[in-house]
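These notes concern the structure reproduced below.
Counting begins at 1 with the first residue of the sequence.
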Amino acid sequence: MNVEAIIFYILLIDAISASLIIRFGSDWYVRHFRTISCWFPPAEGWALYYLALVLWIGSLLYRAGELF
């Protein structure tokens, strides 16, 4: 496994966890991370956009044969 694939999988885990936090746990996020939530408020649009970009990069890496 190369560096690009490792970075992609880390970003994929981050994007999925951000989407799940926004979808199901935004109140929990604001309560437990007060300082960070002031700077980075939970926004569903940005989380979905981030997930879409990560999946697009993953498809490019898959086509290039860098994944698996």
Side-chain angles (χ1 to χ4, degrees):
M1 188 176 287
N2 55 14
V3 176
E4 290 87 3
I6 293 170
I7 292 172
F8 166 71
Y9 287 124
I10 291 171
L11 287 175
L12 183 64
I13 291 169
D14 183 50
I16 290 172
S17 63
S19 295
L20 289 174
I21 286 173
I22 296 304
R23 177 65 67 190
F24 300 113
S26 62
D27 294 333
W28 175 86
Y29 172 76
V30 172
R31 266 188 317 206
H32 287 78
F33 297 104
R34 290 185 188 128
T35 306
I36 295 174
S37 69
C38 290
W39 295 332
F40 301 107
E44 186 175 349
W46 286 110
L48 292 176
Y49 183 66
Y50 176 45
L51 180 62
L53 285 176
V54 169
L55 291 175
W56 178 63
I57 290 170
S59 70
L60 294 176
L61 287 172
Y62 181 74
R63 286 185 203 170
E66 297 295 323
L67 297 179
F68 307 122

Shared hydrophobic cluster, [X] / [Y] (ILVMFWY, side-chain heavy atoms < 4.5 Å):
X     : Y     : result
Leu12 : Leu67 : yes
Tyr62 : Leu55 : yes
Val54 : Phe40 : no
Leu60 : Val3  : yes

Sequence neighbours excluded, every pair satisfying side chain to side chain donor-acceptor pair (under 3.5 Å) that has a member inside residues 28-41: Trp28-His32
Summary of side chain to side chain donor-acceptor pair (under 3.5 Å) pairs that have at least one residue in residues 40-59, sequence neighbours excluded: Asp14-Tyr50, Arg23-Glu44
Of all heavy-atom pairs between Ala43 and Ile22, which one has the smallest distance, and what is that distance? N-CD1, 3.6 Å
Please indicate whether Tyr9 has more than 12 foreign heavy atoms, meaning atoms of other residues, nucleotides or ligands, lying under 6.0 Å from its OH. yes
With sequence neighbours excluded, residues passing side-chain contact (heavy atoms from CB on, under 4.5 Å) with [X]:
X     : result
Ile10 : Ile6
Asn2  : Glu4, Ala5, Glu66
Ala18 : none
Leu20 : Ile16, Phe24

Tell me the salt bridge (charged side-chain N to carboxylate O under 4.0 Å, His left out) pairs involving residues 54-65, sequence neighbours left out? none
Do Ile21 and Pro42 have side chains that approach each other closer than 4.5 Å (heavy atoms only, starting at C-beta)? no
